[in-house]
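Let me begin by presenting the structure, written as structure tokens, before commenting on it.
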Amino acid sequence: MMSEAGHDLHRLFPDHGPTLHALKLGSAHFRKLAEDHHDLAGQIQRFEASLAAVPDEELEVLKKKRLFLLDEIAALIADEKKT
């Protein structure tokens, strides 16, 4: 599923394709963050598209986790670009 997770990130960070590729190849931590982000984004999308009632608090917690992961990924991108 990493390729799908990678596509998510390429959409979110369109100007950083080569950096994302380098991180994907060279950083297990980045790969884990990308996979976690992909899983959370999918879960949020399923909840938002669902007709079933999902507690707002639960959805907000998931969205905050996703934003935290994006912040970590952005920091890794910034660090990679410095090298």
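When reading the values below, keep in mind they use all heavy atoms of this one structure, side chains included, and skip hydrogens, waters and symmetry mates.
- With values rounded to the nearest 0.5 angstrom, D36 atom CG is found 13.0 Å from R31 atom CZ.
- Residues F47 and L59 approach most closely at CB-CD1, 4.0 Å, considering heavy atoms.
- A salt bridge links E48 to K63: one of the charged nitrogens lies within less than 4.0 Å of a carboxylate oxygen.
- At a threshold of 4.5 Å between non-hydrogen side-chain atoms, the residues F13 and T19 do not count as touching.
- Annotation for L33 and I73: closest pair CB-CG1, 3.9 Å, computed over non-hydrogen atoms.
- When side chains are defined from C-beta on, D39 does not count as touching Q43, because their heavy atoms never get closer than 4.5 Å.
- F68 and I44 fall into different hydrophobic clusters, where Ile, Leu, Val, Met, Phe, Trp and Tyr are joined by side-chain heavy atoms under 4.5 Å apart, directly or via other members.
- Here CG of L23 is found 11.0 Å from NE2 of H16. Values are rounded to the nearest 0.5 Å.
- Taking CD of Q45 as the start and CG of L40 as the end, the distance is 12.5 Å to the nearest 0.5 Å.
- Pairs engaging residues 65-80 under the side-chain hydrogen bond (donor to acceptor under 3.5 Å, both in side chains) rule: none recorded [sequence neighbours left out].
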Hey, mind stepping through L9 and H38 against side-chain contact (heavy atoms from CB on, under 4.5 Å) and telling me if it holds? CA-CA 9 Å; L9 294 177; H38 176 75; over 6 Å; no

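- Distance check: H37 NE2 to L67 CG gives 8.0 Å after rounding to the nearest 0.5 Å.
- Here the CD1 atom belonging to I77 is positioned 13.0 Å from the NZ atom belonging to K82, to the nearest 0.5 angstrom.
- Once rounded to the nearest 0.5 Å, the distance linking CG of L20 with NE2 of H10 reads 5.0 Å.
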